[in-house]
Amino acid sequence: MSAGSPNVKEIARQRARELLEEFRVTSAPVPIEKIIKKRDIVLQYAPFEEDLSGMAYINDGLSIIGINALHHPNRQRFSAAHELGHHVLHAEHLKNAVHVDKGLRVLLRDDVSSQGVDLLEIEANAFASELLMPKDLLVKALDEGGVDMDDDTQIETLAKKFRVSASALRFRLIGLMNDPQTK
Ligand SMILES: [Zn+2]
């Protein structure tokens with residue numbers, strides 16, 4: 001991880017927390033579709049090719065998010081939050097070209113070993129994680145039940161509560177445990 005990346009991630013998380021406050025989200029699951037629509041962003045679902053998770057663009061002033069309708073609903077939610085992140089954080093980039101997100105990189109790109117790690121993706125992922133799995137709500141859920149990272153059933157129960165994939169939740173929990181920047 002480069003020295004600069006915790007800061008940009010923290011800025012992205014802060015924007016997500018501001019949205020959670022604005023929409024008075026106090027319990028899981030976070031109403032991601034409602035948040036997107038209330039921001040006047042058109043949310044479209046279409047059967048894209050398997051490795052395409054979502055896209056974001058602005059056409060004639062109209063903000064649009066496209067999500068792969070063939071993916072699992074929990075993955076669709078993460079993609080929607082990621083694309084919302086691009087609209088909130090990177091609107092100026094979306095006016096010039098359609099931003100297309102392909103494959104697992106949406107989740108796994110936040111990794112020092114990734115070649116050509118794109119700052120925009122790191123920021124959008126940090127935003128999406130914080131938005132769908134807010135630290136406060138996660139800590140509250142953990143306080144109530146605790147979680148054993150090796151217990152798949154526990155992870156899946158918690159993932160179900162937040163309507164995220166088990167892999168996204170693991171990634172988030174590991175991030176919370178390892179990243180002192182995460183507040
Ligand atoms: Zn992206």
Side-chain angles (χ1 to χ4, degrees), residues 1-2 4-20 29-59 61-134 162-172 174-175 179 181-182:
M1 191 179 295
S2 72
S5 71
N7 272 339
V8 298
K9 284 201 282 184
E10 190 47 35
I11 290 165
R13 289 188 190 111
Q14 184 55 40
R15 298 299 299 274
R17 283 194 289 266
E18 286 165 11
L19 268 188
L20 291 166
V30 173
I32 181 66
E33 281 197 2
K34 187 178 134 191
I35 292 172
I36 288 170
K37 287 172 182 168
K38 283 266 170 85
R39 287 184 65 93
D40 290 329
I41 296 171
V42 176
L43 183 58
Q44 295 175 332
Y45 295 87
F48 298 126
E49 56 194 281
E50 169 57 27
D51 71 334
L52 198 160
S53 54
M55 57 178 72
Y57 57 103
I58 297 173
N59 188 12
L62 187 65
S63 300
I64 300 165
I65 289 176
I67 298 297
N68 194 339
L70 302 179
H71 285 169
H72 188 283
N74 288 344
R75 187 165 167 198
Q76 291 182 27
R77 279 169 56 80
F78 194 92
S79 300
H82 177 101
E83 303 306 338
L84 176 60
H86 285 312
H87 276 288
V88 169
L89 301 161
H90 313 129
E92 69 280 11
H93 294 270
L94 307 181
K95 287 171 187 160
N96 307 319
V98 177
H99 179 88
V100 176
D101 284 299
K102 286 197 164 192
L104 281 174
R105 75 177 196 194
V106 167
L107 257 185
L108 301 179
R109 262 194 147 187
D110 184 14
D111 179 339
V112 70
S113 65
S114 300
Q115 288 298 314
V117 167
D118 188 340
L119 198 57
L120 301 187
E121 301 314 320
I122 290 176
E123 292 178 339
N125 282 341
F127 176 92
S129 284
E130 182 71 38
L131 190 66
L132 293 181
M133 296 167 278
F162 285 81
R163 292 189 57 207
V164 295
S165 69
S167 58
L169 178 64
R170 277 182 198 282
F171 196 76
R172 173 69 167 149
I174 290 166
D179 189 353
Q181 288 286 328
T182 309

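These numbers come from a predicted model, not from an experiment. We count residues from 1, following the sequence as given. Whatever order the structure lists ligands and atoms in, that order sets their numbers, starting from 1.
For A56, the side-chain contact (heavy atoms from CB on, under 4.5 Å) test picks out E83, H86, H87, L94, with sequence neighbours left out.
Atoms NE2 of H86 and NE2 of H82, as seen from the Zn ion (ligand 1), are separated by an angle of 90°, to the nearest 10°. Seen from the Zn ion (ligand 1), atom NE2 on H99 and atom OE1 on E121 lie at an angle near 110° (rounded to 10 degrees).
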side-chain contact (heavy atoms from CB on, under 4.5 Å) evaluation trace for M55 with I67
CA-CA 7 Å; M55 57 178 72; I67 298 297; over 6 Å; no
R172 and E130: salt bridge (Lys or Arg N to Asp or Glu O under 4.0 Å), yes or no, with the steps?
CA-CA 8 Å; R172 173 69 167 149; E130 182 71 38; 3.0 Å; yes
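Not one N, O or S atom of E83 sits under 2.8 Å from the Zn ion (ligand 1).
Side chain to side chain, E123 and H82 fail the donor-acceptor criterion of an N or O pair below 3.5 Å.
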